[in-house]
Chemist: 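Can you read through this structure? Questions will come right after.
Quick note: numbers below take in every heavy atom, side chains included, and nothing from hydrogens, waters or symmetry partners. These numbers come from a predicted model, not from an experiment.
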Amino acid sequence: MEHVVGKRRGRAVVIGGSLAGLLAARVLSDTYEKVLVFDRDELPASAVPRRGVPQGRQAHGMLAGGALAIGALIDGFTPDLVSAGAVVGDAAADIQWYLDGHPILAHRSGLPTVMGSRALVEHVVRRRVAAIANVEVIGSTEVTGLRTAADGSGVTGVWLAQPDRLVDADLVVDAGGRGSRSPVWLGRLGLPTVREETVELGLSSVSRHFRSRGRHLGGRLGGNSPAHPGQPHSGLVLAEENDTWVVSMNGWFGETPPTDLAGMLAYAGTLDNPDIAEIIRDAEPIGEPALIRFPHAVRRHYTELAGMPEGYLVMGDALCSLSYVYGQGMTVAALQARALADVLGAGPDLVAARFFAAADAVLDGPWAAATSNDLRFPQAVGARPPIDPARAAYLAEVRAATATDVEVARAFIRVFHLVDPGSALAAPEIAARLRPQVGAEL
């Protein structure tokens with residue numbers, strides 16, 4: 001669906017054809033006469049994993065906030081996914097959530113959970129975006145550098161490796177993922193190194209697909225088993241397209257889960273939620289296991305970078321690579337795309353500065369939620385903010401109450417799915433249901 005406002009401005013280039021880049025292209029198509037998306041990979045014609053998305057074979061849950069945000073950008077997104085084989089359920093009734101070792105009280109949340117492989121989500125979005133008349137998605141093409149105006153004040157194009165040629169652009173968006181070259185390219189322009197905030201986690205994840213042999217998990221569509229202090233293992237099982245399940249198990253702080261079935265089953269037995277072990281034990285294994293490593297979460301603070309050229313944006317994992325165990329990545333990319341739409345809709349001036357400020361506002365909540373949980377582990381390495389004992393006690397009460405109080409459970413699920421801000425957990429009606437810290441601020 002296009003929402004064209006006024007006269008289009010020229011040409012935009014997007015580096016990276018993954019989800020963040022495709023959603024950026026969708027937004028840019030409303031404002032620019034031509035949008036080119038370049039990706040290093042040969043882009044598949046079907047929903048299969050590709051090299052440039054190393055996490056593509058891991059379990060990917062689309063948070064409700066992401067499904068709603070993409071649906072606002074692409075009409076019919078969820079029906080398209082369902083037509084392609086994805087499974088849709090209720091975010092709290094059809095997934096057995098665990099938190100700090102205890103099951104969250106199941107309830108009807110009214111929030112959609114859309115379950116399909118990362119490859120399927122990307123395929124559906126790429127097909128819809130590539131069908132927009134003024135968008136061209138081009139694979140097997142690597143961007144090797146930036147061209148700027150003579151005074152260095154703005155980016156005016158990109159250099160391509162194959163063939164070695166220049167493509168002029170009025171706006172360039174780096175959505176090149178965790179391995180973004182923006183820090184290097186901007187350094188060549190004489191800019192200082194962008195400040196990076198990291199949390200070292202030493203994650204290793206093993207995933208494998210299984211085909212259903214009948215009814216599993218009591219008819220539910222998945223379950224999670226998060227790590228918590230004293231339990232440095234986590235896991236997730238989700239239904240996917242083609243009557244399959246995907247199981248992902250994560251070792252933290254340098255531990256690698258086993259890849260053989262017997263070892264996977266034994267490892268799953270250490271998790272709080274028995275759902276993961278049930279699928280490994282009872283469903284039919286298909287394909288081979290996939291192993292990925294994730295040393296640290298990283299956030300790059302481009303708002304602080306002096307001399308940032310106009311006409312150049314960074315988004316998606318290139319801006320902030322969140323730990324995938326929280327499932328926030330696709331949703332945060334979609335929310336950044338919606339922020340980009342708002343920025344562009346407000347006019348052509350100071351787009352870069354306004355976008356980075358808006359993207360920071362999107363990232364603040366998810367980054368704080370993920371890293372504050374990570375930093376509960378003494379093994380995690382990162383800057384620890386001063387501990388507020390009252391706030392810590394309040395959050396402990398919230399986590400405990402999700403197992404017994406449906407209203408607290410509902411509020412937590414809505415925050416986790418990035419539908420409501422974290423401050424919703426401190427709302428008076430929630431605080432009144434807890435014992436020690438009524439009215440605590442988050």
Chemist: Taking the side chain as every heavy atom from C-beta outward, state whether Met308 and Leu186 have any pair of such atoms under 4.5 Å apart.
Modeler: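 Of all side-chain heavy-atom pairs linking Leu186 with Met308, at least one is under 4.5 Å.
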
Chemist: Supply the atom-to-atom distance Leu236 CG to His60 NE2, rounded to the nearest 0.5 angstrom.
Modeler: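 Output value for this atom pair is 10.5 Å.
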
Chemist: Just by distance, with hydrogens left out, do Asn373 and Tyr326 show a side-chain donor and acceptor under 3.5 Å apart?
Modeler: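 Yes.
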
Chemist: With distance as the sole criterion, is a donor-acceptor pair present between the side chains of Glu255 and His233 under 3.5 Å?
Modeler: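 Checked: Glu255/His233 side chains pair up, N/O donor to acceptor below 3.5 Å.
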
Chemist: Which atom pairs, donor and acceptor, lie under 3.5 Å between side-chain atoms of residues 101-108 and protein residues at least two apart or in another chain?
Modeler:
unit_1 : atom_1 : unit_2 : atom_2 : d
His107 : ND1    : Leu105 : O      : 3.0

Chemist: What is the distance from atom CG of Leu217 to atom CG of Leu238, rounded to the nearest 0.5 Å?
Modeler: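 Atom-to-atom, Leu217:CG and Leu238:CG are 10.0 Å apart.
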
Chemist: Tell me the closest heavy-atom pair linking Ala424 and Val415, and the distance in Å.
Modeler: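 It is CB-CG2, 4.1 Å.
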
Chemist: Does Thr270 reach the main-chain N or O of Tyr267 with its side chain, forming a donor-acceptor pair under 3.5 Å?
Modeler: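 Answer holds: yes.
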
Chemist: Thinking salt bridges, do Arg128 and Asp75 make one under a 4.0 Å N-O criterion?
Modeler: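 So Arg128 does not pair with Asp75 through a salt bridge.
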
Chemist: Could you check whether the rings of Phe377 and Phe253 sit parallel, tilted or perpendicular, using 30° and 60° as the cut-offs?
Modeler: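 Geometry flag for Phe253 against Phe377: tilted rings.
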
Chemist: How far does OG1 of Thr303 sit from CZ of Arg195, to the nearest 0.5 angstrom?
Modeler: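 Spacing of OG1 (Thr303) from CZ (Arg195) equals 8.0 Å.
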
Chemist: Which heavy atom in Pro257 sits nearest to a heavy atom in Ser204, and how many Å separate them?
Modeler: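 Smallest heavy-atom distance, with atoms named: CD-O, 3.4 Å.
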
Chemist: Quick check: do Pro285 and Leu261 have side-chain heavy atoms less than 4.5 Å from each other?
Modeler: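 Yes, side chains in contact.
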
Chemist: Could you check whether Arg11 pairs with Asp170 (Lys NZ or Arg NE/NH1/NH2 to Asp/Glu carboxylate O, under 4.0 Å)?
Modeler: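 Looking at Asp170 together with Arg11, the answer is no, because their closest N to O distance does not fall below 4.0 Å.
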
Chemist: Do you know which two heavy atoms are closest between Glu241 and Gly116, and how far apart they sit?
Modeler: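 For Glu241 and Gly116, the tightest heavy-atom pair comes out as OE1-CA, 3.4 Å.
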
Chemist: Could you tell me whether a side-chain N or O of Ser29 sits under 3.5 Å from a main-chain N or O of Arg26, the two making a donor and an acceptor?
Modeler: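 Side chain of Ser29 to backbone of Arg26, a donor-acceptor pair under 3.5 Å: yes, one is there.
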
Chemist: Could you tell me whether Glu136 and Lys34 make a salt bridge, using a distance below 4.0 angstrom between a side-chain N and a carboxylate O?
Modeler: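 Yes, this pair counts.
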
Chemist: Hey, are the side chains of Glu33 and Asn134 touching, using non-hydrogen atoms and a 4.5 Å cut-off?
Modeler: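 Of all side-chain heavy-atom pairs linking Asn134 with Glu33, none is under 4.5 Å.
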
Chemist: If only side-chain N and O atoms count, and only distance matters, is there a donor-acceptor pair under 3.5 Å linking Arg9 with Thr31?
Modeler: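 No pair is found: no donor N or O on one side chain lies under 3.5 Å from an acceptor on the other.
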
Chemist: Tell me if a side-chain donor or acceptor on Thr141 pairs with a main-chain N or O of Gly139 at a distance below 3.5 Å.
Modeler: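 Yes, Thr141 side chain to Gly139 backbone: donor-acceptor pair under 3.5 Å.
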
Chemist: Quick test of your reading of the model: are Asp174 and Arg181 salt-bridged, counting only N-O distances below 4.0 Å?
Modeler: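 No, no charged N to carboxylate O under 4.0 Å.
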
Chemist: So do the side chains of Val167 and Leu36 get within less than 4.5 Å of each other, counting heavy atoms only?
Modeler: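 Of all side-chain heavy-atom pairs linking Leu36 with Val167, at least one is under 4.5 Å.
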
Chemist: Does Asp243 come within less than 4.0 Å of Arg211, counting only side-chain N to carboxylate O?
Modeler: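 No.
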
Chemist: Is there a donor-acceptor contact under 3.5 Å from the side chain of Ser180 to the main chain of Ser182?
Modeler: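 Side chain of Ser180 to backbone of Ser182: a pair is present.
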
Chemist: Determine whether the aromatic ring centres of His301 and Trp367 lie less than 6.0 Å apart.
Modeler: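 No, the ring of His301 stays outside the 6.0 Å limit from the ring of Trp367, centre to centre.
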
Chemist: Is any NZ, NE, NH1 or NH2 atom of the basic residue among Arg281 and Glu278 found under 4.0 Å from an Asp or Glu carboxylate oxygen of the other?
Modeler: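 Salt bridge absent between Arg281 and Glu278.
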
Chemist: Identify the heavy atoms of Ile413 and Ala91 that sit nearest to each other, and give their distance.
Modeler: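 Between these two residues, the closest heavy atoms are CG2-CB, 4.5 Å.
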
Chemist: So, the side chain of Asp39 versus the backbone of Asp41: is there a donor-acceptor pair under 3.5 Å, distance only?
Modeler: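 Checked: pair present.
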
Chemist: Run the salt-bridge test on Arg399 and Asp100 with the 4.0 Å N-O cut-off and return the result as yes or no.
Modeler: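 Here Arg399 pairs with Asp100 in a salt bridge, since their nearest N and O are under 4.0 Å apart.
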
Chemist: Under the 3.5 angstrom rule, does the side chain of Ser205 hit a backbone N or O of Ile292 as a donor-acceptor pair?
Modeler: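 Pair absent, no side-chain N/O of Ser205 close to backbone of Ile292.
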
Chemist: If you measure from CD on Glu284 to OG on Ser212, what distance do you get to the nearest 0.5 Å?
Modeler: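 If we round to the nearest 0.5 Å, Glu284:CD and Ser212:OG are 9.5 Å apart.
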
Chemist: Taking only Lys NZ, Arg NE, NH1 and NH2, and the carboxylate oxygens of Asp or Glu, determine whether Arg300 and Glu196 approach each other closer than 4.0 Å.
Modeler: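 Yes, charged N to carboxylate O under 4.0 Å.
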
Chemist: Rounded at 0.5 Å granularity, tell me how far CG in Leu81 sits from CG in Leu120.
Modeler: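 It comes to 5.5 Å.
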
Chemist: Where the side chain of Ser225 meets the backbone of Leu271, is there a donor-acceptor pair that is under 3.5 Å apart?
Modeler: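 Pair absent, no side-chain N/O of Ser225 close to backbone of Leu271.
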
Chemist: Sub-3.5 Å donor-acceptor pair from the side chain of Thr198 to the main-chain atoms of Glu200, do we have one?
Modeler: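 A pair under 3.5 Å: no.
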
Chemist: Does a side chain donor of either Tyr312 or Thr148 reach within less than 3.5 Å of an acceptor in the other side chain?
Modeler: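 Side-chain D/A pair, Tyr312 to Thr148: absent.
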
Chemist: Without swapping roles, check the side chain of Asn273 against the backbone of Asn224 for a donor-acceptor pair under 3.5 Å.
Modeler: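 Judged by distance alone, yes, a pair lies under 3.5 Å.
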
Chemist: Quiz question: by atom type and distance under 3.5 Å, do the side chains of Gln58 and Ser207 form a donor-acceptor pair?
Modeler: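 Yes - a donor-acceptor pair under 3.5 Å links their side chains.
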
Chemist: Do Arg354 and Asp342 meet the salt-bridge criterion of a basic N to acidic O distance under 4.0 Å?
Modeler: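 No, no charged N to carboxylate O under 4.0 Å.
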
Chemist: Any salt bridge between Asp364 and Arg299, counting N to O under 4.0 Å?
Modeler: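 Salt bridge: yes.
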
Chemist: Could you check whether any side-chain heavy atom of Leu43 comes within less than 4.5 Å of a side-chain heavy atom of Arg126, counting everything from C-beta outward?
Modeler: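 They are in side-chain contact.
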
Chemist: Are any of the side-chain heavy atoms of Tyr324 and Asn250 separated by less than 4.5 Å?
Modeler: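 Sidechains of Asn250 and Tyr324: in contact.
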
Chemist: Are any non-hydrogen side-chain atoms of Ile280 and Met249 less than 4.5 angstrom apart?
Modeler: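 In short, these two side chains touch, coming nearer than 4.5 Å.
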
Chemist: Measuring only between side-chain heavy atoms, which start at C-beta, is Val143 closer than 4.5 Å to Val172?
Modeler: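 No. Closest side-chain heavy atoms not under 4.5 Å.
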
Chemist: Give a yes or no on this: more than 12 heavy atoms of other residues, nucleotides or ligands lie within 6.0 Å of atom CZ of Arg208.
Modeler: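 Buried by this count: over 12 neighbours within 6.0 Å.
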
Chemist: Just checking, is any N or O donor in the side chain of Thr371 or Arg384 under 3.5 Å from an acceptor N or O on the other one?
Modeler: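 The answer is no; no qualifying pair exists.
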
Chemist: Starting at CZ of Phe416, measure out to CG of Leu99 and round the result to the nearest 0.5 Å.
Modeler: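 Interatomic distance, Phe416 CZ to Leu99 CG, rounded to 0.5 Å: 9.0 Å.
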
